Number of protein chains: 2
Amino acid sequence: MDFNYRMPTRVFFGRQCISRNKDFFARLGRKAFIVTGKSSARASGALDDIEGVLNEANIKYEIYDGVENNPSLNNVEEAGALAAKSGADFIIGIGGGSPLDASKAVAVLAVNRMEAVELYKNSFPNRPLPIIAIPTTAGTGSEVTPYCILTRPDMQTKMSFGNDETFPAAAFLDASYTESLTRSVTVNTAIDALTHAMEGYLSKRSTAVTDALAAESMEILGECLIALNNGEISPGTRDKLLYASMLAGMVIANTGTTIIHGMGYSLTYFKDIPHGEANALFVKEYLEFNRDAAPEKTDRVLGLLKVESTQQLGGVIASLIEEKPSLNGEEINYYADLTMKQRSTLSNIKTVSAQDIEGIIRRSVKQL
Amino acid sequence: MDFNYRMPTRVFFGRQCISRNKDFFARLGRKAFIVTGKSSARASGALDDIEGVLNEANIKYEIYDGVENNPSLNNVEEAGALAAKSGADFIIGIGGGSPLDASKAVAVLAVNRMEAVELYKNSFPNRPLPIIAIPTTAGTGSEVTPYCILTRPDMQTKMSFGNDETFPAAAFLDASYTESLTRSVTVNTAIDALTHAMEGYLSKRSTAVTDALAAESMEILGECLIALNNGEISPGTRDKLLYASMLAGMVIANTGTTIIHGMGYSLTYFKDIPHGEANALFVKEYLEFNRDAAPEKTDRVLGLLKVESTQQLGGVIASLIEEKPSLNGEEINYYADLTMKQRSTLSNIKTVSAQDIEGIIRRSVKQL
């Protein structure tokens, strides 16, 4: 039994967790720089709650609300320059995966003069500013991971950086911020969380601790998928989705993701398919491909999700998401090549070739 | 669903984890102060391993090997003064619960001019030095908790302090250091770990995350108790005991302990009964007392431990430990009063009175 484990992010979970823990903020400094997208931070109520506790604690703040979906290097460079100018003591990220990931890049760039592309060196002269992460979706897990995934036009894909210093110092998880999400965003992000737990569990880097967390996450997500399929999204389901998503984040913070994410990035980059939906497309074929390398673990995944077979799971997921995209043979080959270039592909429990990936993609989409 | 969760200690687990992660030490500074007991650090091989990596990294060090069993305020005051004089950048605790707990007090006292009794204020002008914790027993969990439990003759009991700043920065868990333990120390410390998981699980402060960790811990400890009862202590069992003990430490780092520990402290203070053995005596009556407040959780504890009833569990534990101690009525009443003064008693899942505690103690010992 050999493993390393780390989870330095402090978690505050529950309705009104920000106002109930307002004393925490005063310890962080006198000025905050808030990183968010155009509307969800305000619409969710999270930004109002944060402004309330910052004002009460006499902490000044500036807001950057220009984070794009799937943020680019240019996008975080702009925000990082503004953060540096602001003299902030800490960064607050509010939103789905895009703003939370961006907040990590901003925390580095606020105190390090470097181009955004140098973030991928993953080593920073000055320690990044402390990050407070407030998710408004239940799926990314970014609030408890060190990862920042940015779009790299130079490499035609999304790619992550992150080290021990880019873990958020604290995460505030209040499921009320997810109540205003549409059904399709709720479903997509839930399946993103499911793929985190599943890929971490079926990773060469899985450990005893991450398996325990992944199992807990999958068991709860299994209940949530049933509820989502029945069309019910009660406040209790919202709490469970946010909790399971956080657990899955704790898993990948230690294991990383594997080929589902690697394949999914191409569908997002080239076809603009939302991240969770892109991942969802591959779940069934991914499990069937890996099965012979980890038959017991695969069966446990199905058992935790309360389905009889990979076919049944595929059916549940298919009923929840949009139609399959259509790809031609050239596209499939190219996406497979890009997947093979992702470092995380090496961690898949079964060693994969480009041909294996092509096969999984081909079986998962409509081929033109 | 409302909870806070924190686990800032970085974990390195596995045989040779110190030498395999030697680069970690260079980041901590130029001088270490090692806190340990008279012999176990050397006998276990842990001290040799640490000296090896420190020498290789050109890190100077001083060794304080005077930690007593159940260390007193005077004991840590002496070590703290030497640490302050040494100019160390970080503290390394090596040993069972006593040296690991003492290392936390030393980390505070090395950089704060205060009497040891002021540690109980739990707030320190200067941030304690970073602590590296290396357990040589599998039970305390101290390597992943902020707690330091010291003997207070002024209050005739043991009492803990600890805050976010006294979590070890890192824990190195190598089960080979536990191979030289006697059977009775192995058993006592294993039952200490079991009571951590059980008390955390049956605490008013239990949360979803700590319940998942506690369940994993109890399931593994159940397998280990069977092995210990069969007289087998294989290297694999040593690994499992150390892993389960660490998980149980992560639980109580968030929930604290409850009445088993509160009652056990008196048996250690007045009767010199080892900590784990003291706790072991109360397990059966503790579960029976709490059952009506948490019937489902109690059944799950028994299920995870693979026993049919509290009686059967009591039998397994009784077969592993020394004979029951004899107490007179006055002693029982006094120990119950002391237990009621422990803050952690408030967290027991069933609210308790002094009479309840008296009853549990009376049924657990031989009454004179």
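Computed from heavy atoms alone, side chains included, the values below leave out hydrogens, waters and symmetry copies. So that the names make sense, note that chain A is the first sequence line, chain B the second, and so on, each numbered from 1. These figures come from a predicted structure and were not determined experimentally.
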Item to complete: Flag the one option from B:M250, B:E216, B:M7 with the top tally of heavy-atom pairs under 4.5 Å to chain A.
Response: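 Between B:M250, B:E216, B:M7, the count favours B:M7.
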
In terms of side-chain heavy atoms, does [X] have a donor or acceptor partner in [Y] at a distance below 3.5 Å?
X: A:S234; Y: A:T237; answer: yes
X: B:T255; Y: B:K204; answer: no
X: B:T186; Y: B:R238; answer: yes

Who among [options] has the most heavy-atom pairs with chain B under 4.5 Å?
options: A:Q16, A:M1, A:R6; value: A:M1
options: A:F167, A:Y243, A:F12; value: A:Y243
options: A:D239, A:I220, A:D164, A:L213; value: A:D164

Discussion item. Tell me whether B:E179 is salt-bridged to B:R15, with the criterion being a basic N under 4.0 Å from an acidic carboxylate O.
Written reply: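 Judged by the 4.0 Å cut-off on N to carboxylate O distance, B:E179 and B:R15 do form a salt bridge.
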
Practice prompt. Would you check if the distance from the ring center of A:F13 to the ring center of B:Y5 is below 6.0 Å?
Written response: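 Ring centroids of A:F13 and B:Y5 are no less than 6.0 Å from each other.
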
Worksheet item: Measuring heavy-atom distances to chain A, does B:N21 have an atom under 4.5 Å in its side chain, in its backbone, in both, or in neither?
Response: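 For B:N21, the contact with chain A is made by the side chain alone.
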
Discussion item. For A:T9, which atoms come within 4.5 Å of any heavy atom of chain B: side chain, backbone, both, or neither?
Written reply: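 It is the backbone, since no side chain atom gets that close.
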
